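Working notes for the structure below.
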Amino acid sequence: MDENKYTFDNPDFKHAYRHTSSHILAQAIKRLYPETKFAIGPAIDEGFYYDVDSETVFTPEVLEKIEAEMRNICKEKLPLERFELPRAEALELMRDEPYKVELINDLPEDAVISFYKQGDFTDLCAGPHMDSTGRIKGNAIKLTSCTGAYWRGDSKRKMLQRIYGTSFQKKEELDAYLERIEEAKKRDHRKLGRELDLFMITDEGPGFPFFLPKGMVLRNELESFWRELHRQCGYQEIKTPMILNEELWHRSGHWDKYKENMYFTKIDGEDYAIKPMNCPGGMLAYKRRPWSYKDLPLRVGELGVVHRHELSGALHGLMRVRCFTQDDAHIFMTREQMHSEILGVINKIDSVYRMFGFNYHIELSTCPPNFIGSQEIREYSENVLREVLETNGKEYIVNPGDGAFYGPKIDFHLEDAIGRTWQCGTIQLDFQMPERFELEYTGADGEKHRPIMIHTVALGSIERFIGILTEHFAGAFPLWLAPVQVMIMPITDRSREYSEEIYKKLFDAGIRVEADYRSEKIGYKIREAQLQKIPYMLVLGDKETEARLVAVRTRLGGDEGTMTLEDFTEKIKSEISSKKN
RNA sequence: GCUAGUGUGGCUCAAUGGCAGAGCACAUCACUCGUAAUGAUGAGGUUGUGGGUUCGAUUCCCACCACUAGCUCCA
């Protein structure tokens, strides 16, 4: 640890601070509920947690008691002492802690087995730590929640209780953090989706969202944007059927790997499946005719609606649903074209995210254990993705074994309002589907060759992307996406006729315009339009009617002054076409 | 699916083992108003669903459904 930097600016210090907080949590639990067994308790991005196995259910009231005990431990200023033990003695020391025993047994032969002791509490731990519990500011500790978590992340093993907490060096920092979380919740797309009347999900269809008129505007604008982008990038568009014969899914390999997540139906006594992915349909479309190497790369897009049976507990607003639209694309290509095609897709996705102002990170997911291809292809394909990322200076983290069953992938992850990340874009390299479907093209040598495929999405799913967009903009969508772009608000009925004239002109100009003719005060109309985050409000009173002008107000509360309708129309049309926020 | 919690008009939330209440929204009427809430009146709920305990359940118990947080899984 950098001895000169005892602040959270130093990630090592922050980590040690939170890790020590986690040990204090465990010590407090041990004092209050001695029967509790301890699993692991690391520091994480926003704080720390400890996984425990206990008779006690850690309700919010119990957490408060534990918090109080944690503050006591901080006051006691217990020194943390590190010591090491040979394996046998370590196991003896931890003999009443079955989870620790398992951890010790799984350590490699030559591993150093170290412990940290603070007062009456000792924990198996590699460290590092603060030198005393007194270093932790007691009143800047907060236990935030208790949830279930599988021991060792394995859903077949016991579910433990995970107690989440966070800690800071000052109480003000804790308060600021808690307030930030509260603020972020106001941007939750589920809340905004209801308030802005974008979408709904009912008990009759968990995971199957309804898109309401305003949400449909977002969808349609996004889809138009997607079509135009892909037209420019040299893609063709197809639409493949939602229901196809079950046999297809055996051929594609989805049956073995994915049938738990699929929905089925019978037609004329035959078994059919509702597609969970678009690629097999895309394969059939490719196979409709012979191709020449001159046709490659062949880029084919599809806004494909897929259905997947997700576990009920995994559903989450629009972010995780059971029916969604992938902005799918398949590229069929030769080996020589691979690098440039992959790079082209990376740049395409990057340009989309940059346009919206998103921060994202890239993950390289390598082939999973149940990868269906050869070892040689596995290594080759993973290396291709790695090379493209590295030669183009893209930063990424590796996610071992998280690729598709047919190949490795590059994933793009976007953040939601409270910092959870969601995979949106993906680029998957696939040597397997072309093999299984016996795809071919004729090379310059007159011989048949097998193309290589990329599966890719940029937005990911339209549904998830709308969720992310909603949170990113807190519902104040850029003008080109805004469900209602202009709200006309006459101050009195005397301006009604003029308002109707303005409305018609804007409507005819293709602007999404609405008018509020209710007998309400102008302040009230403005308040409602503000809450609906409508970008432009036209306030029309006697003065404007007389001068044949419009008074323009923005949702940022700005008064843009009065102007002619022509100037206003020109202004917003240019703003719409620039697609700028 | 798992662990814990939650479920009361469209929304946000009260209340209680004994006739279910408020604010906002909605409707009607009045008001015609200059940049974030005009007033009055009215309508709207078998308290998620199904069982059980009880003289009586929205409240207590059980099951199921849905939602929330997290785990697992994933776009």
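Quick note on labels: first sequence line is chain A, next is B, and so on, each numbered from 1. Since the model is a prediction, treat every value here as computed from it, not as a measurement.
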*Arg162(A) near the nucleic acid: base, sugar-phosphate alone, or nothing, with a heavy-atom cut-off under 4.0 Å?*
sugar-phosphate
*First contact, last contact: which nucleotides of RNA chain B are these for chain A, 5' to 3', heavy-atom distance under 4.0 Å?*
G1(B) to A75(B)
*Which dot-bracket string describes RNA chain B (Watson-Crick N1-N3 plus N6-O4 or O6-N4, or G-U N1-O2 and O6-N3, all under 3.5 Å; [ ] crossing; | other strand)?*
(((((((..((((....[..)))).(((((.......))))).....(((((..]....))))))))))))....
_Students often get this wrong, so: under 4.0 angstrom with heavy atoms, is Gly541(A) touching a base, only sugar-phosphate, or nothing?_
base
*Rounded distance in Å between the P positions of C61(B) and U54(B)*: 16 Å
_Inter-nucleotide C1' distance (U47(B), G17(B)), Å rounded_ = 15 Å
*Selection: residues 208-227 of chain A, any non-hydrogen atom under 4.0 Å of RNA chain B*: none
*When you compare U49(B) with C31(B), how far apart are their P atoms, in angstrom units rounded to a whole number?*
44 Å
*Quantified in whole Å, what is the C1' atom distance between nucleotide A20(B) and nucleotide U59(B)?*
11 Å
*Flag the pair His19(A) / Phe48(A) as yes when their ring centroid distance falls below 6.0 Å, and as no otherwise.*
no
*Nearest-Å distance once atom P is located in both U46(B) and U38(B)*: 32 Å
*Sequence neighbours excluded - salt bridge (Lys or Arg N to Asp or Glu O under 4.0 Å) pairs with any residue from residues 196-207 of chain A*: none
_Distance between P atoms of G50(B) and U58(B) (Å, rounded)_ = 11 Å
_Any residue in residues 485-497 of chain A with a heavy atom nearer than 4.0 angstrom to RNA chain B? Just list them by number, or reply none._
Ile491(A), Thr492(A), Asp493(A), Arg494(A)
*For the atom pair CD (Gln326(A)) and NZ (Lys275(A)), what is the distance rounded to the nearest 0.5 Å?*
9.0 Å
*asked:* Suppose you measure atom C1' in A43(B) against the same atom in A36(B); what distance do you get, rounded to whole Å?
replied: 28 Å
*May I ask you to say what Ala551(A) touches in the nucleic acid, namely base, sugar-phosphate or nothing, with a heavy-atom cut-off under 4.0 Å?*
base
*With under 30° as parallel and over 60° as perpendicular, where do the rings of Phe358(A) and Phe473(A) fit, or are they tilted in between?*
tilted
*Of the residues in residues 189-198 of chain A, which ones touch RNA chain B at a heavy-atom distance under 4.0 Å?*
Arg190(A), Arg194(A)
_So that I know where these two stand, are Tyr177(A) and Phe168(A) an aromatic pair - ring centroids less than 6.0 Å apart?_
yes
*Given the C1' atoms of G45(B) and U12(B), what is the spacing between them in whole Å?*
16 Å
